[in-house]
Amino acid sequence: MAKKTDLIVVGAGPGGYTAAFLAADLGIKVMLIDESPRPGGVCLYRGCMPSKALLHVANVLTEARHANAWGVEFGEPKIDLERLRKWKDNVVTKLTGGLAQLAEQRSVDYLQGVATLVDAHTVSVAKSGSAVETVRFDHAILATGSRPVLPEALATKSDRVLDSTSALDLSRIPENLLVIGGGYIGLELGSVYAALGSEITVVEMTSGLLPGVDRDLVNVLSRRFGKIAKAVYMDTQVINLKPGKTGVEVVLDGPSIENRQHNFDMALVAVGRIPNSDTLGLDRTVVELDERGFVKVDSQRRTAEPSLFAIGDLVGEPMLAHKAFHEGRVAVEAITGLQTVFEPKAIPAVVFTDPEIAWCGLTETQAAKDQQLVSVARFPWAASGRALTLDRPDGLTKFIVDPNTEQVLGVGMVGSGAGELIAEGVVAIEMGATVSDLPLCIHPHPTLSETIFESAEVFLGRSTHVYRPKRK
Ligand code: NAD
C-alpha cells in the first residue's frame with residue numbers, strides 16, 4: 001500500500017530541510033526523504049560545516065605562527081590528527097542531531113532511503129536491504145544538490161587522490177599536495193592542508209584564481225597564496241594523473257611549466273560540481289533540464305511539471321546553501337498559495353580562505369561584461385585602525401554604485417572576517433540604499449565594519465581616514 005502525504009521533499013540538505021520545516025510549521029503534512037540517517041546534506045556532512053571547523057583550526061595555527069611578530073612565541077604546534085578528526089566529526093554530529101530533533105518536534109516524517117520519481121505524483125524509495133516504499137504526494141520539492149565533477153583525465157580510484165569529501169576525512173597530512181582547481185574548494189581546503197603542514201601547489205586552468213570574482217579582491221588573496229604555496233600555476237592543466245605506490249605522477253601543461261613531470265604525495269581534485277538531476281527519474285515527468293543538467297524552474301521554483309518544485313544546487317548557480325534556504329521558503333510559500341517570488345538583488349558569496357573574500361550584488365567584472373556604467377569606491381584596510389590592531393591591513397572594501405541614482409548595486413570585500421561583514425552590504429542593496437545612507441548609520445568604533453561606511457565616504461569624497469580629491 002502506498003503511503004500518502006501532502007508534500008515530499010527529496011534531499012535533506014539546507015534547502016530541503018528548510019522547506020520541510022517551514023511546510024510543517026504552516027500545517028502541511030510533509031515527508032523528508034534522504035539517504036542519510038539524519039538531515040544535513042552535503043553542507044553539514046561533507047561541505048560547509050566540517051570545512052569551516054578545519055578552517056578555524058587553520059586560522060588558529062596561522063595566527064599562532066604569526067604571533068612571533070608581536071613578541072609572542074608558541075613554538076611549533078603538535079597536531080593530533082585523531083583528536084582533530086573527532087572534534088570536527090562531533091561538530092557535524094551535534095548539528096545533524098539538532099536537525100533530527102527539530103524534524104521530530106515538528107512531526108516531519110523522515111524517511112531514510114533513495115528516492116526515484118515514478119510519475120509526477122508518486123515516488124519510490126529504496127531503503128536499506130531490498131525494501132522499497134512507495135509514496136503518493138500532491139507536491140514535491142526536489143533538493144538533491146550536486147556532486148563533484150571528475151573529468152576523465154583526473155578520474156582514478158586511489159586514496160592518494162582526494163575530492164572535497166575525502167579531503168575532509170583528514171586520513172593523513174601529505175608531505176606535499178597538488179591542488180587541482182583554484183576555486184572555492186581548492187583554495188579553502190588547500191589553505192587547511194597548508195596550515196597543517198603540507199607543501200601545496202595549486203594548478204588553475206584559467207588565467208586567475210576564483211574566475212569571475214573581481215581581480216582587486218582576488219589579488220590580495222593571490223599574494224597570500226604566493227606565500228603559503230610552493231607554486232601557483234595559472235592557465236595550466238593536468239593532462240595526466242597516475243597514482244602509484246610512492247605518490248601521484250602528474251603531467252602539467254601550461255605557459256610557466258618548465259618541467260612537465262611532477263610527483264606529489266597526494267592530489268586534491270576540486271574542479272567544480274554538477275547537479276544531481278540524472279538519478280531522480282525526471283525522464284518520467286515533463287521536467288526540463290538546461291544544457292548543464294540544471295532543472296529549469298520559474299520564479300517560484302516550479303518546474304515544467306506543475307506538482308514538482310526544485311531548489312538549490314539542482315537548479316543552478318550560485319551553488320550556495322543560503323540560496324537554497326531562501327528558495328526552499330519560496331517554494332513552500334508558493335505551494336501554500338502565498339504570493340511569493342525568488343528575486344534576490346544580492347546573494348552573498350564568501351570564500352572562507354585567509355583572508356576571506358566576500359561579495360554581493362553586482363560585481364565590477366559583471367558590470368564590465370554587461371557594459372554597464374558604474375562608479376567604484378575603495379577603502380583600503382591599511383587605513384582602518386581596527387585592521388592594524390589585528391595586524392591585518394591586507395584588506396579592501398569596495399562599493400559598486402549606480403552613477404546616476406547613487407544606489408548601491410554591489411559590495412565587495414577581502415580581509416580577515418569579510419564573510420561576517422558582507423551581510424551589511426546585502427541589507428543595503430536589498431533595502432535600496434543609496435551610498436549616502438550608509439554614513440548616516442553610526443558604525444561601532446573600532447571595528448572592521450567601519451570600512452563599509454568609509455568606502456561610502458570615499459565615494460562621496462569625504463572619508464576621514466583616507467584623502468581623495470573631491471568629486472566634481
Ligand atoms: P569552482 O567552480 O569554485 O572552482 C573550480 C575551479 O577549477 C575553477 O577555477 C576552474 O577554472 C578550475 N578548473 C576546472 N577544470 C580544471 C582543470 N581540469 N584543471 C585545473 N583547473 C580546473 O568549484 P569548486 O571549488 O569545486 O566548488 C564547487 C562549488 O561549491 C562552488 O562553485 C561553490 O558554489 C560551492 N562551494 C561554496 C563554498 C562557499 O560558499 N564558501 C565552499 C565550497 C564550495
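Numbers for residues simply follow the sequence, beginning at 1. Atoms within a ligand are numbered from 1 in the order they appear, just like the ligands themselves.
- For Thr389, the side chain to side chain donor-acceptor pair (under 3.5 Å) test picks out Arg386, with sequence neighbours left out.
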For each nitrogen or oxygen atom of ligand 1, which protein N/O atoms lie closer than 3.5 Å, and how far apart are they, rounded to 0.1 Å?
residue	atom	partner	partner atom	Å
ligand 1	3 (O)	Tyr184	N	3.2
ligand 1	9 (O)	Glu204	OE1	2.6
ligand 1	9 (O)	Glu204	OE2	3.2
ligand 1	11 (O)	Glu204	OE2	2.7
ligand 1	21 (N)	Met205	N	3.2
ligand 1	23 (O)	Gly272	N	3.4
ligand 1	25 (O)	Tyr184	N	3.3
ligand 1	25 (O)	Ile185	N	2.8
ligand 1	26 (O)	Gly272	N	2.9
ligand 1	34 (O)	Met319	O	2.9
ligand 1	41 (N)	Glu188	OE2	2.8
ligand 1	41 (N)	Val350	O	2.8

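- The minimum heavy-atom distance linking Ala321 with Pro14 is given by the pair CB-CG, 3.7 Å.
- Looking at Glu249, its side chain never comes within 3.5 Å of a backbone N or O of His262 through a donor-acceptor pair.
- When all heavy atoms of Gln300 and Thr340 are compared, the pair lying nearest together is NE2-O, 2.9 Å.
- The existence of a salt bridge linking Arg223 and Asp394 is excluded, since no basic side-chain nitrogen approaches an acidic carboxylate oxygen closer than 4.0 Å.
- Of the possible donor and acceptor atoms, none in the side chain of Lys398 sits under 3.5 Å from a partner among the backbone N and O of Phe379.
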